[in-house]
Amino acid sequence: MSGTNIMIVGVGGQGTLLASRVVGGAAISAGFDVKVSEVHGMSQRGGAVVTYVKYSRQTVSSPIIGLGGADLVLAFEPLEALRSAAFLKPGGAVITNTRRVDPMPVVVGVAEYPEGIADKLRALGFDVAEADAAGIAAECGSQKAANIVMIGLLAARRADFSKAEWLAAVEASVPKRFLDVNIRAFEAGYAVGS
Amino acid sequence: MSGKILMLGNAAVARGAYEAGAAFVSSYPGTPSTEITECAADYPELYAEWAPNEKVAAETAIGASVAGARAMTCMKHVGLNVAADPVFTASYTGVNGGLALVVADDPGMHSSQNEQDSRNYARSAKLPMLEPADSAECKSFTKLAFELSERFDTPVLLRLSTRVSHSQSLVELGERESVERKAYKKDPMKYVMMPGMAKLRHLVVEKRVTDTMAYAEGADINRIEYHDKSVGIIAAGIAHAYAREALGERASYLKLGMVWPLPELLIREFAANVGELWIIEELDPFIEREVRAMGIAARGKTDFSPCGEYTSEEIRAVVLGEPAVCADPPENIPGRPPVMCAGCPHRGVFNVLSRMRLTVLGDIGCYTLGALPPLNALDTCLCMGGSVSMAHGMEKAAGRDFSKKAVAVIGDSTFLHSGITGLIDIVYNKGASTIIILDNSITGMTGHQQNPATGLTLRNEPTRKLDLEALVRAVGVDRVTVVDPFDDGATAAAIKAELDADEPSVIIARRPCALLKGVRYTGKCVITEDCRDCGACVRSGCPAISRRSGRPRIDPAQCVGCDYCRGLCKFGAIGRVE
């Protein structure tokens, strides 16, 4: 299996779908076979969402990733990174946003939000990188660009595609009027991740 | 990879219809099928519309086919239940222009109320069914569906699943075929299904089943791929993709592109050439039962569950005995169920219903989320329109005292889909139920589709806007109230008054979805030092309000500034920042 399996996880409404399309776009421009599996529907908002991006020099058959199948988890929210742990290959990589979003069971006080998530993941043998993507995005001009900050963080750590291929994929996926802020967000994420 | 683009399975179905020269698409939205019709609307050469429900959509597409056009209707699996009546008899009439019936199943129930397997419809209705495994096949199989439809004079089912509909993979675009609309010719023996004619058509249907079975034997979409012959896999669609990834060249494959009727001779040939035969299929043992009925031993549901989705990793573990190596999932991770958005107008109604401790008959839409904590407001959720009719049945069975403490809630689009017939039943049979129409001015859950009450078509062209008040009055409801669900007092008062009235009543709770483009709340709500920590705002279930450090706090990143919580606070302790 020469391909790369990436899981993008987060909370519905955080822009994981767009992020998965950017990764898919970068992979296709770099000449890989690609499959991207998405989650649709407004009713997913606020819920845990998972998208998969798989690319390979060989044919990619299945669009989804099962237990122990992911090379990397790109987590837009720390709790969702922890939830994905069993989907990672041994020694797999995690890039996570540090900005926590309390799920409703925590909001209403019937569950506790786990502390020290990055350390828990490291204890399981994973390579964990963290950044405040929401804060970085706000400095770039829009908190909504946090998903593209995450893409910048990913780009800095995966050498499969050139920076130009990443930037072209960002440009092809975001609305024209938000392009500048998203380019800034990508560059900021890239700088932090490098 | 030049010339190929990354495309969603649903978009590829629309592209296939476009390239096949289809002229007509009518559907009702339903996850995971919705984007097919939205993408079809992007091709000016196709006429595309939203119908009020799947039955109407299917009948409309059948009409277009009889008129001679290539026509398509798309729905989710439970939508096919609604459309089943015309579909079963269209099997008898056959077609004029090619007719594709696209149905998207939802194994794993990502966004559905059940996990039914649509392949059973193909057998029951005696219709050919194709099942693509990726976006390229979505396009080519859709084109094939139109060809087979015209060749065998039959509607053709195209079965998708969530992972095919909502995955992107590479597709090579082709040109649109120039297809002339066929002439319409009056033919009562074919199109008027009275017993005399239908008896003769049934003979035609049975011959067609035999003919399509013969086609399936030689069809190149049913193909054998021999590698290691000690393990043989029969699979179709996404299940084949999972198996192919799991087993690679350590198994041989019979990939079925056509899942009904099945090619018996091809299956026998394959089974004879492999060692252990496995049928890999999600949901029902549909192929497996047929294979066993041929007297061929096979494993399948002997080792796999009929519930939920498969993965490659699971297939490798079961078939090869090679379980995936993975970390033990950490325990006690809080769940994250979907929630009504900050600013959602439904929250107002459910907060009142929750406080009044009523029996609430729910329906299908974003508002089904009212069932979850902290609102816990729903008692039932069955099917599209079911809330209204169930309220009537409960009243007739349990009595008027019971129904004074029960309401049905239903969205605007769902009410027009099939709630209106239940309301007619209530009026006709002298019921006194109270129905709350949650009018958020859009079909929300499936991702913002227009409907007859929004005044816009699928292509966002202005049209006659259905008047909900006039409609419910016309069927005989005299007590019709319109409230703003964010006006807590008025909503509570209206519900109380209508429950007390001994006649049918409709409350229209009207406020647009907070995610609609025209809705512009500004500023943010903030909790001030006057907070007495009564919890009224937290209990409303707004995701922006939490108790991270004991006292309620509003997360400015999530707050949309809708002010609903400010109306709930008895102490005036929620202010605003602009």
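So that the names make sense, note that chain A is the first sequence line, chain B the second, and so on, each numbered from 1. Bear in mind that the values here come from a model prediction, so they are computed numbers and not experimental data.
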Contacting moiety of [X], where chain B heavy atoms sit under 4.5 Å:
X	value
Val53(A)	neither
Lys54(A)	side chain
Tyr52(A)	side chain
Leu124(A)	side chain
Gln143(A)	side chain
Val106(A)	side chain

Below 4.5 Å from any heavy atom of chain A, which atoms of [X] appear? Answer side chain, backbone, both or neither.
X	value
Gln168(B)	both
Leu372(B)	neither
Cys542(B)	backbone

* **Heavy-atom pairs under 4.5 Å with chain B, option from Leu67(A), Val108(A), Leu121(A) with the top count** =>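 Going by pairs under 4.5 Å, I would pick Leu67(A).
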* Asked: Do you know which of Gly68(A), Ser62(A), Gly25(A) has the most heavy-atom pairs under 4.5 Å to chain B?
  -> Ser62(A)
Short side-chain donor-acceptor distance under 3.5 Å, [Y] and [X]:
X	Y	result
Ser61(A)	Tyr242(B)	no
Asp106(B)	Thr162(B)	yes
Asp134(B)	Ser169(B)	no
Ser540(B)	Asn351(B)	no
Glu314(B)	Thr311(B)	no

* Do the numbers put Lys163(A) on top of the ring of Tyr190(A), so that NZ or CZ is under 6.0 Å from the six-membered ring centre and no more than 45° off the axis? ->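 Yes, a cation-pi geometry holds between Lys163(A) and Tyr190(A).
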* Sub-3.5 Å donor-acceptor pair from the side chain of Glu225(B) to the main-chain atoms of Tyr253(B), do we have one? ->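 Flag not set: sc Glu225(B) to bb Tyr253(B) has no pair under 3.5 Å.
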* **Qualifying residue, where the test is salt bridge (Lys or Arg N to Asp or Glu O under 4.0 Å) with Asp71(A) and the options are Lys89(A), Arg157(A), Arg158(A)** =>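 One option only clears the test, and that one is Lys89(A).
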